[in-house]
Amino acid sequence: MSKVKFYSDSAKTNQVYPEIDLGENLELGLENYFAITADDGIYGLEFDLWATSHTSAGTKTGKNAGQTITPGTNAVYETSSYGVAFDSYDCNAFVDSDGVQHITYLKGMPEYGDTEDTIKTYTYNGTTYLQDVFVIKRTYYEKWYNDGTKQYYERSYIPRDGFTPVAHAIRKDGTISPWFLTAKYVAGLDSQGRRRSLKGLKPARNNSYNNEVTNYHNRGTYYTGGLTSEYKDFLTTFWLKYGTRNTQSVMAGCTSYNYQYALAAAESDVKRVKITTAQAANLVVGSSVSIGNAGSSTNHDRGQAHMHNIADSVVITSIVEDEEDNTYSYVYVDVDDAFSITAPTTTYISTMHWQSGFSDNVLGRDGCPGNLTNGKFPMVLDGIEMMVGGYEVAGNAIMDIVSSTGQREVYVTNDSTKLTTTVATIKSTYNKSSYSMQPTTLNAWNYITAMQLDLANGVAIPTEAGASQSGSSVGYADGLYVDNGTSGQREFLLLGTLTIGAHAGLSCLTAHSGLSNAVWAYLARLSINATGGTLA
């Protein structure tokens with residue numbers, strides 16, 4: 001890390017004082033700040049088990065009782081009564097080759113960067129590391145239990161008997177870090193094709209459990225795809241803050257933004273396309289679209305290269321009605337070079353995933369750029385961007401089909417050195433959760449009615465789904481999709497895509513995709529938390 005030597009008055013002693021490591025001092029300052037602002041309350045939420053009632057709403061308990069929050073937008077400020085324990089902070093960080101995380105700069109420091117052009121590399125012990133943008137959150141301890149009528153989730157920001165530390169805050173040496181780091185952005189590709197958590201990148205598509213083992217490990221031994229413990233943190237934090245399991249009732253995410261339109265006119269050397277004004281009304285400035293000429297192909301799936309061969313996931317900068325005929329409008333996009341539309345009837349504009357950095361103008365750490373619940377806008381929670389229009393593939397867990405009824409057992413590891421694509425090795429070296437998932441109907445969406453939190457391994461598992469009267473406004477209000485396979489393995493597809501609407505949400509899980517399956521809607525998140533720490 002960068003170090004500074006302080007010298008005394010050379011005329012007197014010429015003494016050189018010990019080098020001070022600026023990064024280590026920053027971390028020490030954070031640790032001290034968290035210590036002096038410690039919160040000794042227990043924040044709880046209780047909600048009815050499905051057999052008791054079907055309501056999604058819960059009751060805030062302990063210090064959580066009476067706390068309120070409303071998310072922000074680009075036009076309206078977030079309001080919150082939550083104290084510093086729930087604060088989060090943007091930073092630059094990396095994990096070294098020994099599995100030790102390093103926070104180097106906080107947002108607001110002159111050295112901080114969040115784009116490929118502004119973020120710095122960092123040299124530590126003679127090795128230079130790429131840095132990424134992460135969010136710092138205070139480590140907490142949690143408890144999950146039920147009494148046969150109600151389910152209880154409780155969180156403490158100080159250690160307590162019966163409470164388990166959040167799994168991804170356990171360091172490699174078994175000690176518990178005062179904080180944990182979560183990638184701020186969905187992973188994109190930098191100019192060198194490396195997966196990064198940086199602003200201004202389109203999300204990297206076509207992730208799978210199998211290729212994440214290679215693609216994210218290419219950054220270093222302790223770099224992986226997002227951990228199930230991190231997604232569990234999103235879910236439980238939302239429960240506590242908003243008092244409901246129906247996450248889409250507060251913020252829907254980009255889950256109902258599936259539009260494709262053939263163009264209305266040929267043009268030369270432009271940075272726009274022409275469609276009907278009625279079609280343009282469905283599109284959102286700031287979102288991303290692709291433009292492609294399908295030619296003679298009738299396959300307009302976004303996984304086809306021809307659907308992106310003119311412009312690939314570019315941002316809409318403005319939408320302007322045609323002055324001569326207001327039944328048509330021009331959609332302008334952010335491209336470096338002008339393009340020409342020669343075959344409008346076979347050329348399509350397709351909505352795509354939002355690029356990283358969309359939350360810059362959101363007035364708060366929770367919220368979205370525009371309408372909170374219309375399904376067109378992604379969301380930000382604790383400063384972490386998510387639900388940008390694609391699934392996020394968990395990098396550390398798989399499901400194993402054990403029954404023709406769709407039952408799936410779960411294997412998970414928080415040690416990146418154990419990651420493998422070999423199923424037999426997964427079953428012998430990963431931890432098998434004591435919970436499994438069981439849908440009611442195969443080859444269909446089932447709405448979730450019961451969930452278990454495996455706190456030790458850090459994974460939220462929808463254990464029951466598809467019961468009579470389940471739906472998008474009751475219970476967990478999100479979907480579990482299970483295929484009719486009778487054996488084999490499946491990857492975790494989390495949160496939802498721009499095509500699945502009410503089935504999406506922070507509890508959503510699609511469980512039909514093989515470990516090597518990778519399509520345009522499969523995104524991922526970089527993690528540096530799989531250092532293999534277990535409680536000492």
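Bear in mind that the values here come from a model prediction, so they are computed numbers and not experimental data. The figures that follow rest on heavy atoms only: side chains count, while hydrogens, waters and symmetry mates do not.
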- side chain to side chain donor-acceptor pair (under 3.5 Å) between S208 and N210, intermediate numbers included: CA-CA 5 Å; S208 70; N210 279 357; 5.7 Å; no
- Item | Side-chain touch F94/L130, heavy atoms, less than 4.5 angstrom | no
- Taking the side chain as every heavy atom from C-beta outward, state whether F234 and L494 have any atom pair closer than 4.5 Å. no
- Message: If you apply the rule side chain to side chain donor-acceptor pair (under 3.5 Å), what do you find for Y222 with D96, and how did you get there?
- Response: CA-CA 8 Å; Y222 294 98; D96 68 27; over 6 Å; no
- Message: Could you tell me if R245 sits above the aromatic ring of Y476, with its cationic atom closer than 6.0 Å to the ring centre and no more than 45 degrees from the axis?
- Response: yes
- Task: Determine whether P71 and Y242 make a side-chain contact, defined as any pair of heavy atoms from C-beta on separated by less than 4.5 Å.
- Result: yes
- Item | Sub-4.5 Å side-chain heavy-atom contact between H353 and W520 | yes
- Note on the structure: Between M399 and M437, the two heavy atoms sitting closest are SD-SD, 3.5 Å
- Query: Is it true that D114 and K184 have a side-chain N and a carboxylate O under 4.0 angstrom from each other?
  - Reply: no
- Query: For E230 and T182, does a side-chain donor sit closer than 3.5 Å to a side-chain acceptor?
  - Reply: no
- Task: Indicate yes or no: does K432 engage D454 in a salt bridge with an N to O separation below 4.0 Å.
- Result: no
- Message: With heavy-atom distances below 4.5 Å as the criterion, would you say the side chains of D478 and Q248 are in contact?
- Response: yes
- Query: Does R195 come within less than 4.0 Å of D132, counting only side-chain N to carboxylate O?
  - Reply: no
- Among Y140, F134, W179, F180, whose ring-ring contact (aromatic ring centres under 6.0 Å, His included) with H168 holds? F180
- Item | Distance-only side-chain donor-acceptor flag, R302 / S350, under 3.5 Å | no
- Ignoring hydrogens and geometry, is there a side-chain-to-backbone donor-acceptor pair from S359 to V380 under 3.5 Å? no
- Task: Kindly determine whether N92 and Y122 satisfy side chain to side chain donor-acceptor pair (under 3.5 Å), including the steps that lead there.
- Result: CA-CA 10 Å; N92 296 151; Y122 208 94; over 6 Å; no
- Note on the structure: Closest non-hydrogen atoms of V315 and S288, given as atom of the first, atom of the second and distance, are CG2-OG, 3.9 Å
- Note on the structure: Residues L419 and Y209: closest non-hydrogen pair is CD2-OH, 4.3 Å
- Query: Y391 and S513: side-chain donor and acceptor closer than 3.5 Å?
  - Reply: no
- Query: Any chance the side chains of N125 and T127 put a donor and an acceptor closer than 3.5 Å?
  - Reply: no
- Task: Can you see which heavy atom on V186 is nearest to which on E385, and at what distance?
- Result: CG2-O, 4.2 Å
- Query: Between R205 and D312, does at least one N-O distance fall below 4.0 Å, as a salt bridge requires?
  - Reply: yes
- Message: Apply salt bridge (charged side-chain N to carboxylate O under 4.0 Å, His left out) to residues E154 and R160 and explain how you reach the verdict.
- Response: CA-CA 11 Å; E154 295 177 345; R160 294 179 188 274; over 6 Å; no
- Is there a donor-acceptor contact under 3.5 Å from the side chain of T221 to the main chain of S97? no
- Task: Carefully, step by step, assess F163 and Y141 under the rule ring pair (Phe, Tyr, Trp, His ring centres under 6.0 Å).
- Result: CA-CA 5 Å; F163 284 71; Y141 303 76; 8.1 Å; no
- Message: Set out, in order, the CA-CA distance, both residues' side-chain angles and the distance that settles ring pair (Phe, Tyr, Trp, His ring centres under 6.0 Å) for F86 and Y43, then state yes or no.
- Response: CA-CA 11 Å; F86 284 78; Y43 293 83; 4.9 Å; yes
- Task: Spell out, as yes or no, whether a donor-acceptor pair under 3.5 Å connects the side chain of T255 to the backbone of T497.
- Result: no
- Establish, from distance only, whether the side-chain atoms of D87 and Y82 form a donor-acceptor pair under 3.5 Å. no
- Presence of salt bridge, D39 and R138, under 4.0 angstrom: no
